[in-house]
Amino acid sequence: MTEIASDLLRWYDRHARSLPWRSAPGTNAADPYRVWLSEIMLQQTTVAAVKPYFEKFTALWPDVAALAAADDADVMSAWAGLGYYARARNLLACARVVAAQHEGGFPESEAGLRALPGIGFYTAAAIAAIAFGQRAVVVDGNVERVVSRLFAVETPLPGAKPALYALTNGITPHARSGDFAQAMMDLGATICTPRNPACAICPLRSHCAAFRTGAPAQFPFKAAKKARPQRFGTIFWLERDGDVLLVRRPDKGLLGGMRALPTGPWADAPPGMMDAPADADWVLGGETVSHVFTHFALDLAIARAALEKGCAGNWDGEWWPMDRLDAAGLPSVFAKAARKALEEIV
DNA sequence: GAAACGTGGAC
DNA sequence: TGTCCAAGTTT
């Protein structure tokens, strides 16, 4: 074992974070279901955001068989607000494959895990190491940052990924590789942070080439980002007798599979009343709703209309009680728009 | 390999 | 206020 690994594990034994999906200190009973669930939720998502969702999911569905038997709509609603909704669709698909084809247990090999929906190279390695005690090279964003600093890697990301993987492989021990991976992530999250790393208390300071340069925060180098385009759209708030019309978005694409307010197209200029869900006297609200996605920003106008009580018609959606919208499982952008629409009504 | 894919908190 | 960022995967 390298000195880096032994120093890090010694630090981890004293300073490991206590997290709901980790087994209690001193025990060695990581539940693969909980490890898997937490790893999926933690993809591109902060620990603070994940905690309440993890508690909710494990309370509703305590094991993979329970989750596999759940209704799609219930799982999507429970995931609402956490983002990256393809994860929730893949979560269910994965649970059903595991329950049906693996006798309720997850495969233990990286290759077997990698074949499941929603499990890529990182997650397969993490589960193999953390839940099954296998020696695996676990490289996430934290590890990339820590390793790029340890070795002062000047190649910018993402091009540096193969080199960072090889360097991580070189310091990953055969014993306790799951603890090593979690220790690297704890270190990256609490000490070797993106800005203002706390080198003064870092257990790996004496091994760190970036520390010796005097400017550790400049690592990892990154390629320049592209500008985020601005788009515009209209959401349609259609009332009828205390209900509002909701739709289910297509499975593929943005906010796929989620319940939503009807919208028109999202375009480079405000599209007005295009694609309104009904022929009605639409009134455009005074304010817009702004929301920022990963790859574009959106400005939504709110058009409101009311239909006669008992008005018949053929709508592609469901009428939902306006005072129960919290239970609809709307993605944040629509929850935000709904709040604004309700404010304007009053 | 690049682009798509959410959200909220920190600075 | 704008930018960056968080335990990535899929197409």
Side-chain angles (χ1 to χ4, degrees), chain A residues 16-17 19-22 34-54 76 79-91 93-94 113-131 136-146 157-159 161-162 165 168 178 180-190 192-197 217 220 222-231 249-258 260 266 289-298 329-336:
Chain A
R17 288 179 292 175
L19 300 171
W21 44 88
R22 281 187 181 163
R34 294 165 66 87
V35 172
W36 162 71
L37 179 61
S38 68
E39 288 299 340
I40 301 299
M41 289 183 165
L42 285 161
Q43 289 167 6
Q44 298 290 284
T45 309
T46 57
V47 165
V50 165
K51 276 181 179 174
Y53 284 86
F54 182 83
M76 300 311 286
W79 195 279
L82 195 56
Y84 283 146
Y85 299 99
R87 293 184 296 173
R89 301 194 298 275
N90 287 329
L91 188 81
C94 181
L113 290 161
R114 177 73 183 79
L116 292 166
I119 298 183
F121 286 106
Y122 159 77
T123 305
I127 296 173
I130 296 168
V137 180
V138 181
V139 184
D140 76 326
N142 288 300
V143 175
E144 286 179 347
R145 183 172 58 257
V146 171
L157 284 168
K161 281 174 180 287
Y165 184 93
T168 306
F180 177 81
Q182 294 181 88
M184 289 285 277
M185 294 189 277
D186 277 16
L187 187 76
T190 62
C192 196
T193 51
R195 289 175 286 206
N196 304 315
K222 293 194 173 182
K225 294 194 168 97
K226 298 194 326 181
R228 196 181 345 246
Q230 175 72 54
R231 292 187 184 158
R249 293 178 62 82
D251 270 337
K252 302 242 177 205
L254 192 71
L255 308 171
M258 299 301 289
W266 295 350
V289 173
S290 297
H291 194 78
V292 180
F293 295 103
T294 304
H295 53 299
F296 66 96
L298 184 62
L330 295 177
S332 294
V333 61
F334 294 115
K336 200 191 292 184

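Note on naming: letters A, B, ... go to the chains in the order of the sequence lines (proteins, then strands), and numbering restarts at 1 for each one. Just so you know, these numbers use all the heavy atoms, side chains as well, and skip hydrogens, waters and symmetry mates.
- Map A:Asn196 and A:Phe293 each onto its nearest nucleotide of DNA chain B; the residue landing nearer the 5' end is A:Phe293.
- Between the C1' atom of C:dT9 and the CG atom of A:Leu116 lies a distance of 13 Å, rounded to the nearest Å.
- Nucleic acid contact class of A:Ile130 (heavy atoms, under 4.0 Å, all strands): none.
- Among the atoms of the strands shown, none is found under 4.0 Å from any heavy atom of A:Trp36.
- Within the 4.0 angstrom heavy-atom criterion, only backbone atoms of the sugar-phosphate kind lie near A:Leu255; the bases stay farther away.
- You won't find any donor-acceptor pair under 3.5 Å spanning the side chain of A:Arg87 and the base of C:dA7, going by distance alone.
- Comparing A:Asn90 and A:Thr294, the nucleotide of DNA chain C nearest to each residue sits closer to the 5' end for A:Thr294.
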Exercise. Please walk me through it: do A:Phe54 and A:Trp21 pass ring-ring contact (aromatic ring centres under 6.0 Å, His included)?
Worked result: CA-CA 8 Å; A:Phe54 182 83; A:Trp21 44 88; 5.4 Å; yes
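- We find that CG of A:Leu298 is positioned 15 Å from P of B:dA4, with the value rounded to whole Å.
- A:Asp140 has no carboxylate O lying under 4.0 Å from a charged side-chain N of A:Arg145, or vice versa, which leaves the two without a salt bridge.
- Proximity of A:Leu113 to A:Thr123: side-chain heavy atoms (C-beta onward) are nowhere separated by under 4.5 Å.
- Of all non-hydrogen atoms in A:Met76 and A:Tyr85, the two that sit nearest each other are CE-O, 3.9 Å.
- Of the side-chain N and O atoms in A:Gln43, none sit less than 4.0 angstrom from OP1 or OP2 of C:dG8.
- Here C:dC5 is the nucleotide among C:dA7, B:dG6, C:dC5 with the atom lying nearest to any side-chain atom of A:Pro194.
- Within the nucleic acid shown, A:Val292 comes within 4.0 Å of at least one base atom, counting heavy atoms only.
- The distance between atom CG of A:Leu37 and atom C1' of C:dA7, rounded to the nearest whole Å, is 13 Å.
- The side chain of A:Asn142 approaches C:dA6 more closely than any other nucleotide in the set B:dG6, B:dA10, C:dA6.
- Taking 4.0 angstrom as the limit, A:Lys222 places none of its side-chain polar atoms (N or O) nearer than this to OP1 or OP2 of C:dC4.
- At least one side-chain nitrogen or oxygen of A:Ser332 sits closer than 4.0 Å to the OP1 or OP2 atom of B:dG8.
- Heavy atoms of A:Arg89 sit nowhere under 4.0 angstrom from any nucleic acid atom.
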For this session: Applying side-chain contact (heavy atoms from CB on, under 4.5 Å), run through A:Leu330 and A:Met258 and close with a yes or a no.
Result: CA-CA 7 Å; A:Leu330 295 177; A:Met258 299 301 289; over 6 Å; no
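- Neither OP1 nor OP2 of B:dA4 sits under 4.0 Å from any side-chain N or O of A:His295.
- Between B:dT7 and A:Tyr85, a contact under 4.0 Å exists linking OP1 or OP2 to a side-chain N or O.
- Applying the 4.0 Å criterion to OP1 and OP2 of B:dT7, one finds that A:His291 has a side-chain N or O inside that range.
- One interatomic measurement links the two molecules: CG of A:Leu42 to P of B:dG6, which rounds to 17 Å at whole-angstrom precision.
- Residue-level contact check: A:Thr123 touches the backbone only, with heavy atoms under 4.0 Å from sugar-phosphate atoms and none from bases.
- Protein atom CG of A:Leu19 is 12 Å distant from nucleotide atom P of C:dA7, rounded to whole Å.
- The gap from the P atom of C:dA7 to that of B:dA10 amounts to 15 Å, rounded to the nearest Å.
- A straight line from CD of A:Gln44 to P of B:dG6 spans 12 Å, rounded to a whole angstrom.
- C:dG8 atom P lies 5 Å from atom CG of A:Asp140, rounded to whole Å.
- When each of A:Asp186 and A:Gly118 is assigned the nucleotide of DNA chain C with its nearest heavy atom, A:Asp186 is the one assigned upstream, toward the 5' end.
- An OP1 or OP2 oxygen of C:dT10 is reached within less than 4.0 angstrom by a side-chain nitrogen or oxygen of A:Arg114.
- Here the closest heavy-atom approach between residue A:Phe296 and residue A:Trp266 is recorded as CZ-CE3, 3.9 Å.
- At a cut-off of 3.5 angstrom, the base of B:dG6 holds at least one donor-acceptor pair with the side chain of A:Thr45.
- In this structure, A:Pro331 reaches the sugar-phosphate backbone alone: every heavy-atom distance under 4.0 Å involves primed, P, OP1 or OP2 atoms, never a base.
- Residue A:Gly188 is out of contact with every strand shown, counting any heavy-atom pair closer than 4.0 Å.
- Atom CZ of A:Arg249 and atom P of B:dA4 are 15 Å apart (whole Å).
- Among the protein residues, A:Gly256 comes within range of no part of the nucleic acid, since none of its heavy atoms lies under 4.0 Å from any strand.
- For the OP1/OP2 pair of C:dT3 and a distance below 4.0 Å, the side-chain nitrogens and oxygens of A:Arg228 include no atom meeting the criterion.
- Mapping A:Lys226 and A:Gly83 onto DNA chain B via the closest heavy atom, the residue that lands nearer the 5' end is A:Lys226.
- Side-chain rings of A:His295 and A:Phe293 stay apart, their centers remaining 6.0 Å or farther from each other.
- Residue side chain A:Thr46 does not reach the base of B:dG9 through any donor-acceptor N/O pair under 3.5 Å, judged by distance alone.
- When the P atom is used for both B:dG8 and C:dT9, the distance is 23 Å, rounded to whole Å.
- No more than 12 heavy atoms of other residues, nucleotides or ligands lie within 6.0 Å of CZ in A:Phe121, so this atom counts as exposed by the packing criterion.
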